[in-house]
Enquirer: 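Got a structure for you, questions after.
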Amino acid sequence: MKNIIYISDLAKFVDQEVTLQGWLYNKRSSKKVKFLILRDGTGYLQCVTFIGNVSEEVFNLADSITQESSFRVTGKVKAEPRAVGGFELDVINIELISDSVDYPITPKEHGIEFLMDQRHLWVRSKKQVAILKIRHRIVKAIRDFFDERGFVLFDPPIITPNAVEGTSTLFETPYFDLGKAYLTQSGQLYAEAGAMALGKVYTFGPTFRAEKSKTRRHLTEFWMVEPEAAFYELDDVMDLAEEFLEYIVQTILEERKEELEILERDITKLQNVKRPFPRISYDEAVKLLHEKGHEFEYGNDLGAADETVISESYDRPVMVHRYPQQVKAFYMKRDPENDNLALGVDVLASEGYGEIIGGSQREDDINKLLERIKEHDLPQEFFEWYLDLRRFGSVPHSGFGLGLERTISWICGLDHLREAIPFPRMIYRNTP
RNA sequence: UCCACGUUAGCUCAAUGGUAGAGCAUGCGGCUGUUAACCGCAGGGUUGUAGGUUCGAGUCCUACACGUGGAGCCA
């Protein structure tokens, strides 16, 4: 691959002869000039083939080459304001690597079912490439954020013997002589063990939910990052969550401008994502809903429509804390000021993107935790190791989970989670 | 699981119960600066499946299949 350069490096080679390789993104032509748009993963480059400048054979190739054929092209780099990206290539030679017959995705509109069937090819499209590059940068921002703050990566198991939150919505798999095992729906309980060992930890990996959810906000397989820190209380974890979201969003605004432009994302709303975020209690949220004339019964969990009403009342993400304990998980600590409330917090993204973070202070008193396990009718034997964390030097601790695809979807302004992951897994789709 | 909507050319969509059409893609022709290029011509159809109503069904009715969106649940 000597002397072959990438489109992203073109600026260093203006007026020089270079060779590039990639695929034909699109083609426009008149009789004596052919415009071939090359893509190589790093960008797009217009390759201009004039009839007099190349051999007849090469010109005929430029005329007949089809969408997504792979080719190698040599030419002189020119700064050219008329071309997308600011550069173009004066073609000297083209070499076909492999042709592409009847590529199914044309430059016109397609329906979602068709595109999902062609997902392995759809990821070549400009918008999908932009989304996947933003996804990559968000993942790096997440790791950087925690690494720089002394959190240690702590990988939880994916195969688990029981439900983390005791629900029955888990993917089941046979496990040798031990009977059934399940795919994890959260690494949190294991992260708590990590926090007692390392102080501050985070998990980051795929999680699985067998819920029959059929909406734009759900996947059956999705990625989640879950920090967990010893000695953190609810306020500490809220501080962490808002600093975290600000960091991710501002990093993407700075470093993935071009991709956000390709996605035609209105970034003014993202620019608002700066601390402090509004913090309202569940009680205040209910009051707000009632003031807005929205019907809502105190004690219920917030539904998608309720979340939208709340988030639309603010210009940045909003944190709702201290929910009625009956709608929250067994491991959440109760509010010492009101035993009916759980010390949990949900962060609702702006623009109606809904819950992207769910977190809480965990119950650290073994007797209360035992009570909760009984109340929720959970099999105590599976939780003995978890109870040990309270038996041997229990401390206050807190953490949260952030849904990666929901975050990507929000930052990119997508209308569905399925475009935020290379190969989405949903209730009625597990291919390609 | 429940609710709503949809299924017509490779793709995206039209078509008062009365001869099934357009754009894109493909092929051929035209054009020396195109930006989802444009212009002309051509090929391309068991209208999701099975029944029913009717002189006549893409269109109306029933069932089923598949898809899309929403609810609940959650990140």
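Computed from a predicted structure; not experimentally measured. Just so we're on the same page: letters track the sequence lines, and every chain starts at 1.
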Enquirer: Taking atom P in both B:U16 and B:U7, compute the distance separating them and give it to the nearest angstrom.
Expert: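 Nearest-Å result for B:U16 against B:U7 at atom P: 13 Å.
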Enquirer: For the side chain of A:Asp301, counting heavy atoms from C-beta on, which of B:U26, B:G10, B:C74 is nearest?
Expert: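 Taking heavy atoms from C-beta onward, the closest nucleotide is B:C74.
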Enquirer: A:Tyr232: which residues meet the ring-ring contact (aromatic ring centres under 6.0 Å, His included) condition with it, sequence neighbours left out?
Expert: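 Result, ring-ring contact (aromatic ring centres under 6.0 Å, His included) vs A:Tyr232: none returned.
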Enquirer: Taking only residues at least two apart or on different chains, which pairs with a member in residues 57-100 of chain A satisfy ring pair (Phe, Tyr, Trp, His ring centres under 6.0 Å)?
Expert: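 For residues 57-100 of chain A, and leaving out neighbouring residues, there are no ring pair (Phe, Tyr, Trp, His ring centres under 6.0 Å) pairs at all.
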Enquirer: What does the B/S/- profile of nucleotides 40-48 of chain B look like, 5' to 3', with a 4.0 Å heavy-atom cutoff to protein?
Expert: ---------
Enquirer: Enumerate the protein-to-nucleotides 68-71 of chain B contacts in which both atoms are nitrogen or oxygen and the separation is below 3.5 Å.
Expert:
residue, atom, partner, partner atom, Å
B:G69, OP1, A:His416, NE2, 3.3
B:G69, OP1, A:Arg418, NH1, 2.5
B:G69, OP1, A:Arg418, NH2, 2.6
B:G69, O3', A:Arg216, NH2, 3.3
B:G69, N7, A:Lys214, NZ, 3.1
B:G70, OP1, A:Arg216, NE, 2.1
B:G70, OP1, A:Arg216, NH2, 2.9
B:G70, OP2, A:Arg216, N, 2.8
B:G70, N7, A:Lys214, O, 3.1
B:A71, OP2, A:Arg217, NH2, 3.4

Enquirer: Looking at RNA chain B, which of residues 219-228 of chain A put a heavy atom within less than 4.0 Å of it?
Expert: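 Heavy-atom cutoff 4.0 Å gives A:Leu219, A:Phe222, A:Met224.
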Enquirer: Would you call A:Lys126 and A:Glu258 a salt bridge, using N to O less than 4.0 angstrom?
Expert: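 Judged by the 4.0 Å cut-off on N to carboxylate O distance, A:Lys126 and A:Glu258 do not form a salt bridge.
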Enquirer: Could you tell me which residues satisfy side-chain contact (heavy atoms from CB on, under 4.5 Å) with A:Lys257, sequence neighbours excluded, listed by chain and number?
Expert: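 A:Lys257: no side-chain contact (heavy atoms from CB on, under 4.5 Å) contacts found.
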Enquirer: Only counting residues at least two apart or in another chain, list the ones meeting ring-ring contact (aromatic ring centres under 6.0 Å, His included) with A:His110.
Expert: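 Applying ring-ring contact (aromatic ring centres under 6.0 Å, His included) to A:His110 gives A:Phe114.
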Enquirer: Tell me, please, which residues at least two apart from A:Gln380 pass side-chain contact (heavy atoms from CB on, under 4.5 Å).
Expert: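 Partners of A:Gln380 under the side-chain contact (heavy atoms from CB on, under 4.5 Å) test: A:Leu370, A:Ile373, A:Glu384, A:Leu387.
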Enquirer: Show me the protein contacts with nucleotides 30-34 of chain B, counting only N or O atoms at under 3.5 Å.
Expert:
residue, atom, partner, partner atom, Å
B:C31, OP1, A:Lys31, NZ, 3.4
B:C31, OP2, A:Lys31, NZ, 3.1
B:G33, O2', A:Arg82, NH1, 3.4
B:G33, N1, A:Glu88, OE2, 2.9
B:G33, N2, A:Gln46, NE2, 3.2
B:G33, N2, A:Glu88, OE1, 2.6
B:U34, O2', A:Arg28, NE, 3.4
B:U34, O2, A:Arg28, NE, 2.7
B:U34, O2, A:Gln46, OE1, 3.4
B:U34, N3, A:Gln46, OE1, 2.9
B:U34, N3, A:Gln46, NE2, 3.0
B:U34, O4, A:Gln46, NE2, 2.7

Enquirer: What pairs with A:Lys269 under side-chain contact (heavy atoms from CB on, under 4.5 Å), at least two apart in sequence or on another chain?
Expert: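 Here the qualifying residues are A:Glu351.
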Enquirer: A:Phe296: which residues meet the ring-ring contact (aromatic ring centres under 6.0 Å, His included) condition with it, sequence neighbours left out?
Expert: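 Residues passing ring-ring contact (aromatic ring centres under 6.0 Å, His included) with A:Phe296: none at all.
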Enquirer: For residues 276-288 of chain A, which residue pairs qualify under salt bridge (charged side-chain N to carboxylate O under 4.0 Å, His left out), counting only residues two or more places apart or in two chains?
Expert: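 Residue pairs passing salt bridge (charged side-chain N to carboxylate O under 4.0 Å, His left out), neighbours aside: A:Asp239-A:Arg279, A:Glu242-A:Arg279.
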